[in-house]
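These notes concern the structure reproduced below.
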Amino acid sequence: MDYFEVTNERHSTRAYKNQSVEPEKLQKILEAANRAPSAGNLQAYEIYLVTDAKHKIALVESAYDQEFLAQAPIVLVFCAHAARSVGKYGKRGADLYCVQDATIACTFAMLAATALGLSTVWVGAFDEDEVRRVIGASQAHRPVAMLPIGYAAEAAHLKPRRRLNDLVHQVQS
Ligand SMILES: Cc1cc2nc3c(=O)[nH]c(=O)nc-3n(C[C@H](O)[C@H](O)[C@H](O)COP(=O)(O)O)c2cc1C
């Protein structure tokens, strides 16, 4: 798939087959995330890899019963790590850049998964403290996105988007 096929075909999947993800595919996904840009190249985020049933079931509870988190063979939890950014960028690093770093890395992982024939859904609705407890992260790591990854067990459904002339605002010269 070329880049535009990947972005056009990516869609949220909320039902996964009981089929594991090949380790080499997971490796490629993690390497893609690691290529994401970050403020000052500080990579102010951490990735937690969750694969066992007990922790995935606990993540379901922390995410208000989003059951598909337990179906997917892999859940990546992207956490902002403010301390890595605050030294260089102060409050902007702590409040914004570390969150952006984590979310861009998650986006790279999501698109890499699509390119490899896998499915995902971005999960942002969860109790941060609960997720932190489940993955064993310290207060320094703020969970900002979870990404279940696996093989889809439901038909693809591409949702409509806003029209570009509504979304894009030409700034007049
Ligand atoms: C910041 C963010 C938070 C989201 N949180 C959730 C979530 O908690 N649960 C869920 O099922 N989908 C979640 N989504 C997925 C969106 O619902 C989905 O991307 C959107 O409806 C567009 O559909 P598509 O991904 O199929 O194009 C989230 C997406 C984003 C970007």
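All ligand and atom numbering here is 1-based and tracks the order in the structure. In this chain, numbering begins with 1 at the start of the sequence shown. All values derive from a computational prediction rather than experimental measurement. Below, all heavy atoms of this structure are taken into account, side chains as well, without hydrogens, waters or symmetry copies.
Residues of the protein with a heavy atom under 4.0 Å from ligand 1 are Arg10, His11, Ser12, Arg14, Gln66, Phe68, Val121, Trp122, Val123, Gly124, Ala125, Lys159, Arg161, listed by chain and number.
When side chains are defined from C-beta on, Ser38 does not count as touching Ile104, because their heavy atoms never get closer than 4.5 Å. The shortest distance between side-chain heavy atoms of Thr13 and Phe68 does not fall below 4.5 Å. Residues Ile135 and His55 have side chains not in contact (no heavy-atom distance under 4.5 Å, counting atoms from C-beta outward). Within the 4.5 Å cutoff, no side-chain heavy atoms of Ile74 are placed close to those of Leu118. With contacts defined as side-chain heavy-atom distances shorter than 4.5 Å, the pair Ile149/Tyr16 does not qualify.
The salt bridge (charged side-chain N to carboxylate O under 4.0 Å, His left out) contacts involving residues 86-100 comprise Lys91-Asp95, where partners must be two or more places apart or lie in separate chains.
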